[in-house]
Amino acid sequence: MPAPTPTPPPNPPAPGPEILAAFEAAKGFMPVGEGLALYAAAAEAGRLGLPLLEVGTYCGRSTILLAGAAREAGVTALTVDHHRGSEEQQPGWDYHDPETVDPELGVMDTLPAFRRTLHRAGLEDHVVALVGRSPEVAALWNSPLALVFIDGGHTDEHATADYEGWAPHVAEGGLLVIHDVFPDPVDEFTGQAPYRVYLRALASGAFTELPATDSLRVLRRTGDGI
């Protein structure tokens with residue numbers, strides 16, 4: 001028997017002030033409005049009693065929101081990243097942060113910053129960090145998830161692999177959340193690959209769209225066919 005679809009509360013759940021403050025203080029790129037929408041989706045999905053998973057940890061800004069929602073729901077937040085940075089975060093690109101470079105190896109390593117973020121937020125006990133490349137981790141995964149948040153690499157190769165690897169694990173009634181969905185072709189580098197994945201999810205017949213917040217798209221798993 002499929003899991004019941006949770007009924008959203010009349011007012012979206014919001015993170016407590018300490019979670020919101022930790023989110024705003026953390027290194028990362030997600031705006032507050034989209035963060036609040038992500039938290040509301042995670043809080044709703046968490047009522048299924050299954051883990052919440054994100055692809056694309058970076059330094060843990062959005063992980064704070066998933067972990068806060070997971071703590072309230074009594075479930076676990078999982079986050080997948082190789083911690084070497086996506087394409088646009090490499091040296092010479094607009095989103096590169098020199099503080100994320102390992103001074104000894106000369107390559108990006110966001111894992112230390114992520115661990116500091118969780119420690120400062122008091123959320124280490126509510127998160128399992130899966131350090132590795134998304135397709136390889138997904139190939140080993142065989143359990144249903146209440147929420148999958150795709151926010152990894154923005155090339156078609158990486159966005160498609162994240163969708164194909166993780167969307168099938170979204171439980172009936174669970175949520176697929178996709179970040180940086182930009183329909184305008186001018187955003188080819190930053191948001192067209194997530195946009196194409198979003199269109200693919202809708203076309204599959206497995207998901208029904210819920211209200212969007214800026215570049216954040218939320219879809220509920222309502223059928224098969226991924």
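Everything numeric here is computed off the predicted structure, so don't read it as measured data.
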Practice task
State, to 0.1 Å, how close Ile226 and Ala206 come at their nearest heavy-atom pair, and which atoms those are.
Solution key: CG1-CB, 3.5 Å
Problem - Validation row: Leu38, Val177 side chains within 4.5 angstrom (heavy atoms) - result: yes
Completion exercise
All heavy atoms of Val181 vs all of Pro194, minimum pair found to be CG2-O, 4.0 Å
Fill in the blank from the handout: Residue pairs passing the ring pair (Phe, Tyr, Trp, His ring centres under 6.0 Å) test with at least one member in residues 34-53, sequence neighbours excluded, are none
Completion exercise
Contacts of Asp125 meeting salt bridge (charged side-chain N to carboxylate O under 4.0 Å, His left out) (sequence neighbours excluded), chain-then-number -> none
Practice task
Return the set of residues passing side-chain contact (heavy atoms from CB on, under 4.5 Å) with Leu199 (not counting sequence neighbours), or none when no residue passes.
Solution key: Tyr195
Exercise for the section: Return yes if some donor-acceptor pair links the side-chain N/O of Arg84 with the main-chain N/O of Asp81 below 3.5 Å, else return no. Expected result: no
Problem - Under 3.5 Å donor-acceptor, Thr79 side chain and Thr63 backbone - result: no
Handout entry: Ion pair Glu44/Arg220, N-O distance below 4.0 Å
Key = yes
Practice task
Flag the pair Phe29 / Tyr58 as yes when their ring centroid distance falls below 6.0 Å, and as no otherwise.
Solution key: yes
Handout entry: Single-linkage hydrophobic cluster Leu219~Leu53, side-chain heavy atoms < 4.5 angstrom
Key = yes
Exercise for the section: Report yes or no: does Thr160 contribute a side-chain atom to a donor-acceptor pair with the main-chain N or O of Glu157 at less than 3.5 Å? Expected result: no
Problem - Donor-acceptor pair, side chain of Arg221 and main chain of Gly174, under 3.5 angstrom - result: no
Practice task
Specify the closest pair of heavy atoms between Gly35 and Met30, including all atoms of both residues, with the distance to one decimal.
Solution key: CA-SD, 3.6 Å
Problem - Path from Leu78 to Phe149 over hydrophobic side-chain contacts below 4.5 Å - result: no
Handout entry: N/O donor-acceptor pair under 3.5 Å between Thr57 side chain and Gly60 backbone
Key = no
Practice task
State plainly whether the residues Arg200 and Glu164 are in salt-bridge range, i.e. N to O under 4.0 Å.
Solution key: yes
Problem - Path from Phe182 to Leu216 over hydrophobic side-chain contacts below 4.5 Å - result: no
Run the side-chain donor-acceptor check on residues 13-23: report pairs under 3.5 Å with partners two or more places apart or on a different chain.
from: Glu18; atom 1: OE2; to: Arg71; atom 2: NH2; distance (Å): 3.4

Fill in the blank from the handout: So CD1 of Ile64 and NE2 of His126: to nearest 0.5 Å the spacing works out to 13.0 Å
Handout entry: Smallest separation among heavy atoms of Pro51 and Pro144, with atom names
Key = CD-O, 3.9 Å
Problem - Check against side chain to side chain contact (heavy atoms under 4.5 Å, CB included), Val148 and Tyr163 - result: CA-CA 9 Å; Val148 167; Tyr163 173 77; over 6 Å; no
Exercise for the section: Please name the pair of heavy atoms, one in Thr117 and one in Cys59, separated by the smallest distance, quoted to 0.1 Å. Expected result: OG1-O, 2.8 Å
Practice task
State plainly whether one hydrophobic cluster holds both Leu52 and Val55, where clusters connect Ile, Leu, Val, Met, Phe, Trp and Tyr through side-chain heavy atoms under 4.5 angstrom apart.
Solution key: no
Practice task
Quick one: pull up CZ in Arg120 and CZ in Arg115 and give me the separation to the nearest 0.5 Å.
Solution key: 13.0 Å
Exercise for the section: Consider only side-chain heavy atoms of I, L, V, M, F, W and Y, link residues closer than 4.5 Å, and tell whether Leu145 and Leu66 are in one cluster. Expected result: no
Problem - N/O donor-acceptor pair under 3.5 Å between Gln192 side chain and Pro183 backbone - result: yes
Handout entry: Side-chain donor or acceptor of Glu34 paired with backbone N/O of Ser215 under 3.5 Å
Key = yes
Side-chain donor-acceptor pairs under 3.5 Å in residues 130-140, sequence neighbours left out?
from: Arg133; atom 1: NH1; to: His82; atom 2: NE2; distance (Å): 3.4
from: Ser134; atom 1: OG; to: Asp162; atom 2: OD1; distance (Å): 2.7
from: Ser134; atom 1: OG; to: Trp166; atom 2: NE1; distance (Å): 3.0

Practice task
Kindly say whether Ala26 contributes a backbone atom to a donor-acceptor pair with the side chain of Arg61 at under 3.5 angstrom?
Solution key: yes
Exercise for the section: In sequence, state the C-alpha distance, the side-chain angles, and the governing distance for Asp180 and His154, and then conclude on side chain to side chain contact (heavy atoms under 4.5 Å, CB included). Expected result: CA-CA 9 Å; Asp180 293 329; His154 286 26; 2.7 Å; yes
Problem - Inter-residue atom distance Arg116.CZ - Thr110.OG1, 0.5 Å rounding - result: 10.5 Å
Practice task
Start with the C-alpha distance between Val170 and Leu175, add both sets of side-chain angles, then the distance that settles side chain to side chain contact (heavy atoms under 4.5 Å, CB included), and finish with yes or no.
Solution key: CA-CA 7 Å; Val170 178; Leu175 299 179; 5.8 Å; no
Handout entry: Which atom of Gly49 lies closest to which atom of Val75, heavy atoms considered
Key = C-CG1, 3.6 Å
Exercise for the section: Keeping to residues at least two apart or across chains, list the side-chain hydrogen bond (donor to acceptor under 3.5 Å, both in side chains) pairs with something in residues 141-152. Expected result: Asp151-His179
